[in-house]
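As structure tokens, the structure follows; a few thoughts come after it.
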Amino acid sequence: MTDVAETLLEVEDLRVQFGSVDGPVKAVDGVSYSVERGQALGIVGESGSGKSVLNLTLMGLTRFQGARVSGRARFEGRDLLTASDQELRRIRGDDIAMVFQDPLSSLHPFYRVGRQIAEAIQAHRDVSRDAALLRTVELLELVEIPSALERASMYPHEFSGGMRQRAMIAMALANEPKLLIADEPTTALDVTVQAQILELIRRLQGELGMAVVIVTHDLGVIAETVEEVAVMYAGRIVERASTETIFSAPEHPYTWGLLRSIPRLDLPRDVPLVPIPGRPPSLVAPPLGCHFHPRCPYVRDAHRRNDPALEHVPGDPGHEVACLLPAETRRRLWAQLRAGKEPAEARAAVGMGGASA
């Protein structure tokens, strides 16, 4: 547990459910984590793993969707889950800001970009319209949009995808938040612009001293942007560690699958990427036992009955994993996979035999 004086956000056993004709959808199922002041955290997982719902709930944006929420989410000692709508409106866009997935749909097509950013400023600051517009130009310059004064008078459709994303970041930074949540900030952008946006977020975090949470489905996106990574699957965190550890010594088979699905510079270019077999489980009726066991190449019978808890990895107190495989077995399997072996070869090499050994 981090020192309370340094902790900005602390989430404890957060659960979010939505009603459906088939039963409650467990979008977030017992998530706990913390974010320190000035820290950069990455939350990674496939679509449907609960990443976006988790952060929308912290912003109070699932209240109007009939969500059933339990647990705690303390921001500077205030519980966001029990805060009134009025209090949340004061916090949103001021202390906590969010950059949403699709900047085109986040910006109103009928209003000029500068006016929309200025409105975000005036919603929380008692300043004139001229002062807000002046601050808007400064923000557009901060996020490296050229000819900021001219661009402020343009409409969203006149911006490129990368420029719209920069404008959304400028809007999020308008009131110098203590925490910035960026939900898939590089979606639909080409690789070059992706790198520019991530570098921009990293630079602004250092300059402004704010904490950053980057939500993504791609581990490669946050490789050099965050300090710590939480891997989500089926509404839960299944592994959490420093970024260096996640890339060099991960211990959950799902994390291995995510890593094996991105290109590696140390392998020949013609080596195919390896997708994770199967599909994410239904959050209405998740599998019994380990939720990942239907897709896990290393599943044992115990995994179908027992539900693993998130526990510290022996010898590494900053590393947590929810897996029933013995720690030594996990490390040996990862060594085989990193050497280029297929799962069946890795199982044989560590003496596991068949998939249901």
Side-chain angles (χ1 to χ4, degrees), residues 1-14 16 28 30-46 49-59 71-76 80 91 95-101 169 172-173 177-187 197-233 235-248 250 252 254-255 258-259 310 312-313 316-322:
M1 185 68 66
T2 56
D3 181 29
V4 174
E6 298 178 353
T7 301
L8 184 65
L9 173 69
E10 188 169 17
V11 178
E12 297 179 5
D13 195 30
L14 179 60
V16 184
V28 179
V31 167
S32 300
Y33 68 97
S34 62
V35 181
E36 297 180 18
R37 297 182 187 276
Q39 181 188 8
L41 170 70
I43 300 180
V44 181
E46 294 170 293
S49 62
K51 311 182 301 297
S52 294
V53 172
L54 167 63
N55 289 288
L56 289 172
T57 300
L58 298 181
M59 301 287 285
R72 294 180 179 177
R74 295 189 185 92
F75 179 80
E76 294 189 320
L80 299 174
I91 295 173
D95 291 331
I96 306 176
M98 189 167 182
V99 179
F100 296 93
Q101 288 191 32
I169 294 173
L173 299 177
K178 299 171 184 176
L179 173 63
L180 174 67
I181 300 172
D183 189 359
E184 300 280 8
T186 59
T187 297
I197 294 297
L198 292 172
E199 175 58 30
L200 172 65
I201 293 175
R202 182 167 57 178
R203 177 178 65 80
L204 293 173
Q205 182 207 2
E207 292 179 0
L208 304 177
M210 62 185 175
V212 173
V213 174
I214 297 181
V215 180
T216 180
H217 63 275
D218 187 351
L219 271 170
V221 166
I222 47 85
E224 297 181 2
T225 313
V226 302
E227 305 155 26
E228 184 178 341
V229 177
V231 181
M232 285 192 69
Y233 184 78
R236 299 176 174 182
I237 293 178
V238 296
E239 185 164 15
R240 182 172 59 198
S242 68
T243 306
E244 180 181 359
T245 299
I246 287 293
F247 281 89
S248 63
H252 198 283
Y254 178 61
T255 311
L258 293 176
L259 287 169
L310 195 65
H312 289 292
V313 172
D316 188 356
H319 189 179
E320 295 179 310
V321 66

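Nothing fancy with the numbering, it's 1 onward along the sequence. Scope of the values below: all heavy atoms of this structure, side chains included, with no hydrogens, waters or symmetry mates.
Each side chain to side chain donor-acceptor pair (under 3.5 Å) pair with one or both residues in residues 197-212, not counting sequence neighbours, appears once here: Glu144-Arg203, Glu199-Arg202, Arg203-Glu207. Counting only residues at least two apart or in different chains, side chain to side chain donor-acceptor pair (under 3.5 Å) contacts with residues 218-231 comprise Gln39-Glu228.
The closest donor-acceptor contact from the side chain of His312 to the backbone of Pro317 lies under 3.5 Å. In this structure, the side chain of Lys51 does not engage the main chain of His217 through any donor-acceptor pair within 3.5 Å.
In this view, Ser52 and Gln101, Asp183 satisfy the side chain to side chain donor-acceptor pair (under 3.5 Å) rule, not counting sequence neighbours. Partners of Asp95 by salt bridge (Lys or Arg N to Asp or Glu O under 4.0 Å), not counting sequence neighbours, listed by chain and number: Arg78. Asp13 is linked by a side chain to side chain donor-acceptor pair (under 3.5 Å) to Arg15, counting only residues two or more places apart in sequence or in another chain. Considering only residues two or more places apart in sequence or on other chains, Asn55 meets the side chain to side chain donor-acceptor pair (under 3.5 Å) condition with none of them.
A salt bridge links Glu12 with Arg74: the distance from a Lys NZ or Arg NE/NH1/NH2 to an Asp or Glu carboxylate oxygen falls below 4.0 Å.
One finds the OG atom of Ser32 at 8.0 Å from the CG atom of Leu14 (value rounded to the nearest 0.5 Å). Expressed to the nearest 0.5 Å, how far CE of Met232 lies from CD1 of Ile237 amounts to 6.0 Å. Remark: Leu219 CG to Phe247 CZ distance equals 5.0 Å, nearest 0.5 Å. How far CD of Glu320 is from CG of Leu310: 4.5 Å, rounded to the nearest 0.5 Å. Atom CE of Met98 sits about 4.5 Å away from atom CG of Leu56, to the nearest 0.5 Å. We find the CD-CG distance between Glu76 and Leu9 to be 10.0 Å, quoted to the nearest 0.5 Å.
A pairwise comparison of heavy atoms in Ala211 and Val35 identifies CB-CG1, 3.8 Å as the closest pair. In this structure, His252 and Val321 approach most closely via the heavy-atom pair CB-CG2, 3.8 Å. What you find for Ala172 and Ala97 is that their closest heavy atoms are O-CB, 3.1 Å. The nearest pair of heavy atoms linking Pro185 to Val215 is CD-O, 3.8 Å. A pairwise comparison of heavy atoms in Glu46 and Tyr233 identifies OE1-CE1, 3.7 Å as the closest pair.
Partner of Ile222 under the side-chain contact (heavy atoms from CB on, under 4.5 Å) criterion, out of Thr186, Val229, Ile246: Val229 alone. Just one of Val212, Ile96, Leu41 meets the side-chain contact (heavy atoms from CB on, under 4.5 Å) condition when paired with Leu179; it is Ile96.
Looking at heavy atoms from C-beta onward, Thr255 lies out of side-chain contact with Val44 at the 4.5 angstrom threshold.
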Starting from the C-alpha separation in whole Å, work towards a yes-or-no answer on side chain to side chain contact (heavy atoms under 4.5 Å, CB included) for Met210 and Leu204.
CA-CA 8 Å; Met210 62 185 175; Leu204 293 173; 4.3 Å; yes
